Amino acid sequence: MNNNTTPSTLEIGAAYIRVSTDDQTELSPDAQLRVIRDAAKIDGYLIPPEFIFIEKKGVSGRRADNREEFQRMISTAKNQPCPFKRLYVWKFSRFARNQEESTFYKGILRKKCGVEIKSVSEPIMEGMFGRLIESIIEWFDEYYSINLSGEVLRGMTEKALREGYQSTPCLGYRAVGGGQPFVIDEKEYEIAAFIHQSYHEGKDMTAIARTANEKGYRTKRGNQFERRSIANILTNQFYIGIVTWNDISFQGTHETRPCITDIFESNQARIRQEYHPIARRDPSSCQHWLSGLLTCSVCGASLSYNRSNDLKKRPDFFQCWKYAKGVHPGSCAISVGKAEVAALDSLHNVLKEGNIDYEYIPKTNPKIAGRESVLQESLKRLETKEKRIRDAYENEIDTLEEYKVNKLRLQNERNRILEELEDLKHETAKDVVPDMQEVLKRVQDIYNLLSDSSVDNETKGNAIRKIVKKITVDKETKKLHFFYYVQ
C-alpha cells in the first residue's frame with residue numbers, strides 16, 4: 001500500500017504501548033506512538049485515539065493481569081464485531097515478557113477476534129516461518145527478563161550483605177540514596193511514635209487506627225490507617241535499629257528514639273499474649289465489653305448487642321444475628337445485665353475453687369511468624385527457579401555442567417531454608433506454660449477490673465479477652481458456658 005491511501009480507504013487499527021523500566025534505549029511513549037502511527041499509515045491503517053492503549057510508566061510486562069490498559073485492550077477487542085483489525089506494538093516484548101501469557105492472549109486476538117499483531121521494530125514475514133521467528137523473539141525476551149531479574153537480585157543481595165539501605169522507608173523515615181542510612185522525617189515520625197505509645201497505653205489497634213484517621217494522619221502511601229497497617233508499624237523492627245531485606249538482617253546505623261525503642265519490646269510482649277481470632281473485632285469497635293465473645297448454641301454465630309427502645313419494658317440484650325435474619329427458629333438471646341452477672345460469677349467461682357479448666361494457646365511471636373512467612377515464600381520462589389534452570393538446560397541454553405552447578409546451588413538454598421524452618425519450630429516449642437497460681441492471679445486481676453464501674457468499656461473488653469476465648473449461650477437453659485484459655 002502506498003502513501004497516497006485516502007482516509008476513506010484506511011482500515012482501523014490499535015496501538016498498545018508500554019515502556020520497559022530496564023531498557024535505557026527504550027523510546028518514550030510519544031516516540032513509540034509516532035513510529036507506530038507512521039507505520040500504520042504506510043500499511044493503510046488509521047489508529048483513532050480511543051484505540052491507543054498506553055500503560056502507566058513502570059508497569060511490568062511479567063504479568064498481564066497487572067496491566068490495566070492491556071486488559072482494556074483485550075476487552076475492547078472481544079466486542080463483536082471487533083472494532084479494529086490490527087494491533088501495533090513497538091516490540092513483541094511490549095506485548096508480554098511471559099511467553100505463556102503471550103501465546104494465550106495472541107491466540108484470543110488472532111483466533112477469536114480476527115486481529116493481526118505487528119511489531120514495527122521487528123518486521124517478520126507472514127506464515128508459519130514468521131510465527132516461528134516471532135516465538136523465538138518472545139522466548140529470548142523472556143529469558144532476558146528472567147536473567148536481568150536475577151542479576152538485579154544478586155546486586156541487591158550483595159548490597160544488603162554490605163549493610164546498605166535499599167528497601168522502601170517505613171513511616172517516619174526517608175531515603176537519601178546511595179545505600180546510606182535513612183533519616184528521620186519529623187512529621188511522619190510523630191505519627192509512628194503516637195501509634196507505638198497509644199498501644200503501650202492499652203489502646204487496641206482498631207482504636208488507634210480510628211484516632212489516627214480522625215487526627216488526619218495518613219500512612220506512608222497517603223492512605224487511611226486500618227488495623228493491619230497499625231500492626232505492621234508496631235512489629236517493624238526498623239524502629240529499634242534492625243534493617244531487614246529479603247531474609248537478610250543487620251543492625252543499622254540510622255537514628256532511633258527512646259519514645260519508641262523504650263516501649264517496643266513491651267508492645268511485642270502484649271501482641272504475643274493477646275489471642276485474636278481473625279473474625280473477632282477489637283473491643284473499641286464493640287458496643288459492650290462482652291460483644292464478640294457471646295456465641296449461639298444453635299448455629300455458633302455471635303450474639304449482637306441490641307439497645308432497647310424502652311428500658312422499662314425490656315432491657316438491652318444480646319441476640320443471635322442469624323436468628324434475627326431468620327436462619328434458624330427459636331430465639332437465642334440474653335439480657336445484658338444477666339450476661340454481665342454471669343461473667344463475674346464465673347470468674348468469682350474460679351477464684352473460690354482455686355482451679356480452672358483452660359486451653360493453652362501458644363503465644364504468637366510476630367518475629368517468628370513473619371520470618372516463617374518469608375521462608376515459605378522463599379520456598380515457592382525456589383520452585384520457580386528450579387523449573388527455569390531445567391527449562392534452560394532442556395532448551396540447550398545451559399550446558400549440563402551449568403545445569404548441575406545451578407541445581408546444586410538451589411538445593412543448598414532449599415536445605416538452608418528447611419533447616420531454618422525447623423529451628424523456628426523448636427523456638428516456638430520453648431514457650432513456658434504458666435502454672436495454676438499464675439493463671440489464678442490473672443483471673444483475679446481481670447475480675448477486679450470488671451467489677452469496677454469506673455473502668456471504661458474498651459478496657460474491660462481488652463481485659464476479659466485475655467482469659468476468655470468464647471462464651472456459649474445455651475438456647476434452652478439460658479445458661480452461659482465459659483471457655484477459658486491462657487498463653
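Residues take their numbers from the sequence shown, with the count starting at 1. Just so we're clear, the structure is a prediction, and the values are computed from it rather than from any experiment.
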For [X] and [Y], does a side-chain donor sit closer than 3.5 Å to a side-chain acceptor?
X	Y	answer
T459	N462	no
N415	Q411	yes
Y88	D43	yes

N/O donor-acceptor pair under 3.5 Å between [X] side chain and [Y] backbone:
X	Y	answer
D204	A207	yes
N236	N232	no
R110	K106	no
R270	E265	no
N79	T76	yes
S75	Q71	no
N306	S304	yes
E394	D391	no

Point-to-point distance, once rounded to the nearest 0.5 Å, from CD of E69 to CD1 of I74 | 12.0 Å

If you measure from the Lys or Arg side-chain nitrogens to the Asp or Glu carboxylate oxygens, is any gap between [X] and [Y] under 4.0 Å?
X	Y	result
R67	E55	no
R257	E255	yes
E226	R228	yes

Would you say the side chain of [Y] lies within less than 4.5 Å of the side chain of [X], judging by non-hydrogen atoms?
X	Y	value
L382	E413	yes
F238	T256	no
W90	L33	no

In terms of the angle between their ring planes, are Y173 and Y189 parallel, tilted or perpendicular, with boundaries placed at 30° and 60°?
-> perpendicular

Quick one: closest heavy-atom pair of L410 and I389, and the distance?
-> CD1-CD1, 3.7 Å

